[in-house]
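Comments concern the structure below.
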Amino acid sequence: MIQIKSIVEAALEDCKKDGTLKLELLPEVLLETPKQADHGDLSTNVAMVLAKSEGKPPRKIAEAIVSHIKVPSDVLAAVSIAGAGFINFKINPGFALNTLTEIFKQGPDFGKSKMGGGKKVQVEFVSANPTGPLHVGHGRGAVYGDALSRLLSAAGYKVTKEYYLNDAGVQMQTLGRSVLLRMKELQGEKVEFPENCYQGAYIKDIAAEVLAKNKNFGSEEEAIKFCGDYAGAKIHDEIVADLKDCGVTHDVYYYESTLHKKNLVADAVEFLRKRGYVEDREGAIWFLSTKFGDEKDRVLKKSDGFYTYFAADIAYHKEKFDRGFDYVIDVWGADHAGHVPRMKAAIEAMGHDPKQFDAVLIQLVNLMRGGELISMSTRSAQYETLRTLLNEVGKDVCRYFFLMRSHDAQLDFDIELAKSQTMENPVYYIQYAHARIASVFAKAHANGVSLDYNHVDLSLLTLPEELAITRFLGEYPALVEEAAKELTPHKISFYLLELARRFQSYYTKGNKEPAYRFLTDDPKMTLAKCYLLKNIQIVLKNGLDLLGLSAPDRMDSQEE
RNA sequence: GGGCCCAUAGCUCAGAGGAUAGAGCUCUUGCCUUCUAAGCAAGAUGUCGCAGGUUCGAUUCCUGCUGGGCCCGCCA
């Protein structure tokens with residue numbers, strides 16, 4: 001791929017030198033794999049891009065370029081001009097097959113790149129308040145953030161996964177009060193349970209636990225504080241456990257209370273004031289976010305003397321950059337969309353390049369069962385917890401479903417489909433491909449075939465599917481870079497599905513056509529076929545790893 | 001009312017400034033003495049929401065409209 005690109009670039013240089021083309025500035029040569037296989041292995045549209053600046057028809061330009069390319073060569077088998085001015089390349093099979101050597105050599109590192117140049121990236125995700133269990137929406141954000149982190153690491157960034165823990169302020173008090181009230185209820189007291197208190201059944205369980213401790217509180221305030229702290233810690237532990245069962249972990253838990261203790265919130269406000277973006281008005285302190293395109297200014301410190309959540313968040317983001325991150329990504333639920341402009345404004349006001357910050361919005365999840373929407377009302381809270389979902393469908397399925405859609409499209413998560421073992425549930429299909437390959441190796445081993453990949457004759461791989469799959473494998477590293485750049489891990493899901501599909505089709509042909517069987521009477525042929533399989537397996541495994549999915553060597557039937 | 005996201009096959013969704021717009025499900029028909037049938041092959045379906053604009057070329061980019069979702073507090 002890179003070789004082809006430089007061949008075209010060299011041809012362009014030559015055109016310029018001998019005056020065939022003006023080429024005031026050299027265009028970027030973009031290569032793509034044509035959808036139509038008979039168009040060639042690779043194609044470029046440079047000639048069409050140049051049509052305007054050169055003032056010549058695209059086909060004429062294409063002819064000029066092609067006349068400066070040497071064919072056939074080690075790399076190229078043929079070059080042709082087609083359509084409006086596409087230049088199509090046929091790659092020498094022998095050259096294309098070198099991809100396999102490359103994949104095999106790199107193994108688990110195949111697909112990794114240095115694109116990120118070791119830049120420090122922080123991905124902040126989940127950051128759910130410790131006031132109740134995670135729901136499926138959190139789950140989607142969690143799995144997305146985790147997969148994105150893996151993706152960025154693979155692309156050469158140094159990634160820190162962080163969870164911002166909102167352990168200060170009103171809500172912890174509300175949590176404490178909720179628990180205390182339930183305790184009183186359990187002691188037979190008749191209490192009015194306010195609507196703004198946490199309604200979930202888990203509050204009652206915690207209340208019972210606290211009661212069992214037989215604590216004596218000096219004051220109601222002290223009781224609320226204790227209950228809030230106790231419940232917060234307990235709920236947070238459960239959140240961490242839920243995440244872990246989802247394969248999601250964080251490197252850093254950052255506590256909001258730390259910001260207050262270190263006076264960082266006040267510092268951040270003063271920092272902004274010094275830069276001229278803060279004003280005192282109506283007894284409150286305001287951030288002039290409208291200077292950066294926000295629709296209105298935002299309060300940092302309320303007239304009651306307390307800082308807003310936003311002020312703390314600014315302090316937190318200041319802290320992120322102070323800690324030396326080059327690039328900060330926040331993964332938020334779509335309901336926080338309105339917060340993006342003000343956060344961007346704050347980042348800019350603090351003197352950072354807005355390009356160093358991205359807020360990714362995760363659209364909501366509709367939980368379904370057999371085509372029926374499960375109501376998201378608070379009453380049915382237990383149906384929408386991540387925990388129940390995990391218990392019902394398992395980690396891999398759960399992760400894959402969250403990662404098989406673009407994050408900015410709403411997701412229908414049908415539990416019945418997720419439990420099925422058909423193509424409606426592609427995670428099994430992909431894992432099956434990996435397992436099938438393992439199974440072939442096991443069979444080879446049982447037959448006493450030794451697979452020494454040091455001396456493989458690649459020229460034995462001549463079937464069209466073998467060349468096509470090899471080419472497809474070769475696209476994987478560019479895909480990883482693209483997905484990392486675009487923050488779109490779902491592209492990996494689609495790639496894996498396509499790879500699995502190509503493999504399954506190739507595999508099944510062996511049922512009918514001996515030429516397609518892997519384990520043959522000819523040891524050299526067997527070795528070459530298995531080498532290809534090994535490489536397919538490596539890429540499947542690497543991709544599954546990126547998504548945090550297991551790559552099993554066998555599929556254990558889940559039939560009852 | 002304003003902002004953000006979405007609109008592509010009957011359903012769930014990919015795709016992308018370029019060649020004949022894809023996949024799965026569904027429906028029909030075949031394929032297990034062979035390396036796992038959680039599989040494969042073949043066949044069907046499209047006004048890429050509507051209207052303009054930019055472009056050699058738009059389903060893709062821009063504007064407006066329509067429909068659906070989310071948001072719009074000195075809450076967190």
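First the proteins, then the strands, lettered A, B, ... as listed; each starts at 1. None of the values given here were measured: they were computed from a predicted structure.
- Residue contacts for A/F494: at a heavy-atom cut-off of 4.0 Å it reaches the sugar-phosphate backbone alone, with no base atom in range.
- The existence of a salt bridge linking A/R369 and A/D414 is excluded, since no basic side-chain nitrogen approaches an acidic carboxylate oxygen closer than 4.0 Å.
- Between A/K344 and A/D294 no salt bridge is recorded (no basic side-chain N to carboxylate O distance below 4.0 Å).
- Of the side-chain N and O atoms in A/Y429, none sit less than 4.0 angstrom from OP1 or OP2 of B/rU36.
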Exercise for review: Could you encode protein contacts along nucleotides 67-76 of chain B as a string, one character per nucleotide from 5' to 3', using B for base contact, S for sugar-phosphate-only contact and - for no contact, with a heavy-atom cut-off of under 4.0 Å?
Suggested key: --SSSSSBSB
Point to revise | Watson-Crick and G-U pairing of RNA chain B written in dot-bracket, each distance under 3.5 angstrom, with | for inter-strand partners | key: (((((((..((((....[...)))).(((((.......))))).....(((((..]....))))))))))))....
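- Counting non-hydrogen atoms under 4.0 angstrom, A/N45 reaches a base of the nucleic acid.
- For the pair A/R436 CZ and B/rC35 P, the interatomic distance rounds to 12 Å; values are reported in whole Å.
- Separation of the C1' atoms belonging to B/rA14 and B/rG24 is 10 Å when rounded to the nearest angstrom.
- Here, B/rC61 and B/rG69 have their P atoms 23 Å apart, quoted to the whole Å.
- In this entry the base of B/rC31 is anti relative to its sugar, with a glycosidic angle more than 90° from 0.
- The aromatic ring of A/H490 does not sit over the base of B/rA14, since the test of centres under 5.5 Å and planes under 30° is not met.
- Checked by distance alone, A/S43 brings a side-chain donor or acceptor within 3.5 Å of a matching partner on the base of B/rA19.
- Nucleotides B/rU59 and B/rG46 place their C1' atoms 11 Å apart, quoted to the nearest Å.
- By the 4.0 Å N-to-carboxylate-O rule, A/R471 lies too far from A/E475 to be salt-bridged with it.
- Annotation: B/rC50 and B/rC11 have their C1' atoms spaced 23 Å apart (nearest Å).
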